[in-house]
Amino acid sequence: MGAGDGAPAVPPTLSAGEALRYEAVALFAQRAAAVLPGFRVTDGNAAAVADLVHRLDGLPLALELAAARMRTLTLREITERLDDRFALLTGGNRAALPRQRTLRELMGWSHDLCSDRERTLWARASVFVGGFDLEAAEEVCAGPGLPGPAVVDAVHGLVEKSVLVRYEQDGRARFRMLETVRAYGQERLAEAAEAVRLRRKHRDHCLELARRAEGAWFGPGQVGWFARLHGEHANLRAALDFCLHTPGEAAAGLALASLPRHYWISQGGLDEGRRWLALLLEAGPGRGPEHVAALGTHLYLGLMQGAVAETVPAIDVYEAEAERIGDASGLAWALHHRALAAAFRGELAAAAGLFGEAAARHRGGGDLAGAMECTFKHAIVLTMLGHTDRALALCRECRSVTSAHGETWIRADALFAESLIRWETGDRGAADGLARQAIRLLRPLGDLWGIALCVEILAWSAASDGGTRRAACLLGVLRSLWEAIGGALFAAPFMAASHERCERETRGALPTAEFERMLRHGAGLDFDEALSYVLEEPSARLPDDVPRDTPSPAAARTARAAAPPPSPRSTARAAGSAGPYSGTELTRREREVADLVAAGLGNQEIAARLVIARRTAESHVGRALAKLGLTSRTQLAAWVHERRGTGGPTGT
């Protein structure tokens with residue numbers, strides 16, 4: 001064995017079957033076949049393949065780069081070039097581990113094959129984290145030695161050399177580097193003394209994206225911009241990190257962390273947003289417009305997390321600062337924050353007055369988005385006070401204005417508010433339908449807060465209709481949602497009493513063990529699975545032995561168990577798996593994660609790409625491995641590539 005990770009030492013004779021027992025050989029074979037159709041490990045070349053894999057210590061990155069050379073070189077030529085490279089690069093760190101020297105030498109070889117402009121782009125593009133598009137490359141990387149019009153050709157050249165990996169996201173071509181390739185580029189960038197300049201250009205690009213998103217937020221482009229920011233989340237983090245740790249850049253970081261205002265709320269990043277804002281507020285010069293805006297956003301996120309007691313005193317500071325600089329919008333948001341705090345404390349009459357005043361201030365300042373946000377919240381508070389007719393009128397106004405502008409997020413929240421009104425007035429069928437409409441609008445935004453509010457109503461509805469098992473499962477979904485939001489809440493404060501009543505009645509109607517099992521099942525669903533179950537889509541799933549509460553068509557659909565996939569034993573052998581396939585189908589999210597593993601992404605990169613927590617990404621990888629009876633990411637990558645090669649969909 002090479003480094004103990006699946007790289008075979010080469011015996012005098014080696015058959016294809018023996019070589020393919022090693023996962024590193026299987027991975028190289030899969031990657032080589034992807035660039036050289038028809039390539040396979042045979043009895044005739046098995047020893048040569050195993051020798052190459054052994055010389056590269058079985059390192060996945062090294063194997064991928066070597067496989068890419070199969071476009072132009074034979075196995076023997078690749079091995080010979082590696083020999084030459086090892087002989088030439090003798091001035092490096094001899095104290096480094098052999099695998100580290102091998103990888104650096106391989107990176108240097110790949111670097112030598114690039115043109116001057118390609119090397120320049122490799123170094124400069126290393127400032128991107130999690131991927132970039134051509135527009136970003138042109139804005140950030142063009143400059144001395146790489147004119148703007150030459151960027152596209154340099155990108156093409158790096159894709160051809162497997163330095164960049166091309167993929168598509170939301171209809172846009174994007175490019176990324178494997179992490180070690182990126183690290184090598186950063187070393188070259190540091191050698192050229194360009195790191196700070198390029199990271200500042202990268203930050204400026206991210207800030208401009210955020211400003212454009214803010215400008216288009218209240219309109220038909222909202223969902224598209226939100227998806228784009230989601231896709232750039234790793235880059236936004238990198239830009240914030242640069243601002244935090246570079247003297248004189250905190251003000252720009254505060255501006256970036258505050259735009260658009262609701263990004264952190266919508267994408268379920270309350271805790272992360274608060275953390276960045278707190279660090280930058282502490283590091284910043286203070287008292288400028290960026291500081292005041294960031295202070296207001298930090299307060300808002302704290303309130304949404306339920307940290308009312310610690311947040312309320314800071315509203316006075318924020319209001320005074322907004323008054324000092326003449327920030328009319330900030331003063332309107334200060335009223336909103338006071339209203340939200342009052343609502344969370346149960347001071348509903350005070351909250352109603354403050355929301356009404358805040359809406360008027362926003363409208364007077366021409367901020368229709370702020371006015372409509374305060375309007376739907378005003379409607380919710382009026383509902384809690386029993387003023388349902390007035391609340392319905394405000395909901396209709398909000399829905400009319402947002403629909404006219406093609407806006408999604410506030411329109412969905414207005415639907416939720418009307419759903420709550422219908423529930424309070426006894427029209428439970430309408431309440432259920434409105435909540436589902438709202439969830440469908442919020443789904444592409446990933447707004448966990450808004451979705452959780454709607455699921456509350458659906459759980460109440462299920463319990464009131466005798467669907468106690470479904471209610472218990474929905475309560476589990478809610479528990480997972482509230483935990484993911486980042487607060488200690490298990491219901492919005494103004495819905496807490498109804499939530500507790502629903503849970504109490506559901507517990508009482510089911511045996512304890514059954515209630516707890518359904519609760520755990522709901523809490524264990526990932527985001528897509530949970531929404532599929534909430535909306536009673538055909539793909540929704542329950543434990544096979546759970547009886548359904550009602551014979552409705554929707555419930556009947558949820559009762560269909562997924563058919564187990566065939567067991568591709570040849571893939572298990574090729575990947576070196578000793579365990580059998582479990583016969584359980586991968587979920588859509590698990591298939592996405594498997595594809596990203598096959599593309600070489602680590603757990604943190606997968607989390608950033610899919611906008612999920614690293615722990616969630618790790619969980620998906622673990623479940624996919626367990627379902628397929630595999631023991632390593634390399635085996636999972638090989639399995640994905642074989643399924644593609646045979647025309648089979650991943651996960652079937």
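Note that the numbering runs from 1 along the sequence shown for the chain. Owing to the predicted nature of the structure, the values given are computational and were not obtained by experimental measurement.
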Under 3.5 Å, side chain of [X] to main-chain N/O of [Y], donor-acceptor pair present?
| X | Y | answer |
| --- | --- | --- |
| Arg228 | Gly224 | no |
| Gln222 | Thr408 | yes |
| Thr506 | Glu503 | no |
| Arg470 | Tyr533 | yes |
| Glu529 | Asp526 | yes |
| Thr425 | Arg422 | yes |
| Asp465 | Gly467 | no |

NZ/NE/NH1/NH2 to OD/OE distance under 4.0 Å, [X] and [Y]:
| X | Y | value |
| --- | --- | --- |
| Glu483 | Arg479 | no |
| Lys377 | Glu373 | yes |
| Arg469 | Glu514 | yes |
| Arg212 | Glu232 | no |

Give, for atom [atom1] of [X] and atom [atom2] of [Y], the distance between the pair rounded to the nearest 0.5 Å.
| X | Y | atom1 | atom2 | answer |
| --- | --- | --- | --- | --- |
| Leu256 | Leu209 | CG | CG | 9.5 Å |
| Leu475 | Arg507 | CG | CZ | 8.5 Å |
| Leu229 | Asn235 | CG | CG | 11.0 Å |
| Ile380 | Leu348 | CD1 | CG | 11.5 Å |
| Glu456 | His499 | CD | NE2 | 5.5 Å |
| Cys374 | Asp367 | SG | CG | 8.5 Å |

Query raised in the report: What pair of heavy atoms forms the shortest contact from Ala431 to Trp423, and how long is it?
Result: CB-N, 3.6 Å

Check salt bridge (Lys or Arg N to Asp or Glu O under 4.0 Å) between [X] and all other residues, then give those that pass, not counting sequence neighbours.
| X | result |
| --- | --- |
| Arg440 | none |
| Glu347 | Arg345 |
| Asp432 | Arg436 |

Query raised in the report: Distance under 6.0 Å and angle within 45° of the ring axis: does Arg274 meet both against Trp264?
Result: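 No, Arg274 does not lie over the aromatic ring of Trp264.
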
Return yes if a side-chain donor-acceptor contact under 3.5 Å exists between [X] and [Y], otherwise no.
| X | Y | value |
| --- | --- | --- |
| Tyr263 | His230 | no |
| Arg501 | Ser498 | yes |
| His233 | Glu272 | yes |

With side chains defined as the heavy atoms from C-beta onward, is the minimum distance between [X] and [Y] less than 4.5 Å?
| X | Y | result |
| --- | --- | --- |
| Leu441 | Trp409 | no |
| Thr375 | Met372 | yes |
| Asp271 | Gln305 | yes |
| Trp333 | Thr297 | no |
| Phe355 | Arg338 | no |
| Asp133 | Gln169 | no |
| Leu420 | Phe494 | yes |
| Ile421 | Leu434 | no |

Report task. Step through it carefully: locate the ring centre of Trp217, locate the ring centre of Trp225, and say whether they are under 6.0 Å apart. Result ->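 No, ring centres 6.0 Å or more apart.
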
Could you go through residues 390-405 and list every donor-acceptor pair under 3.5 Å that involves a side-chain atom there, pairing it with any protein atom two or more places apart or in another chain?
residue	atom	partner	partner atom	Å
Glu397	OE2	Arg363	NH2	3.2
Arg399	NH1	Glu418	OE1	2.6
Thr402	OG1	Cys398	O	2.8
Thr402	OG1	Arg399	O	3.2
Ser403	OG	Arg399	O	2.7
His405	ND1	Val401	O	3.0

Query raised in the report: Looking at residues at least two apart in the chain, or sitting in another chain, which of them share a ring-ring contact (aromatic ring centres under 6.0 Å, His included) with Phe128?
Result: Phe132, His202

Query raised in the report: Partners of His337 by ring-ring contact (aromatic ring centres under 6.0 Å, His included), sequence neighbours excluded?
Result: Tyr300, Tyr318

Report task. Step by step, work out the side-chain contact (heavy atoms from CB on, under 4.5 Å) result for Ser258 and Leu277. Result -> CA-CA 8 Å; Ser258 303; Leu277 286 161; 3.9 Å; yes

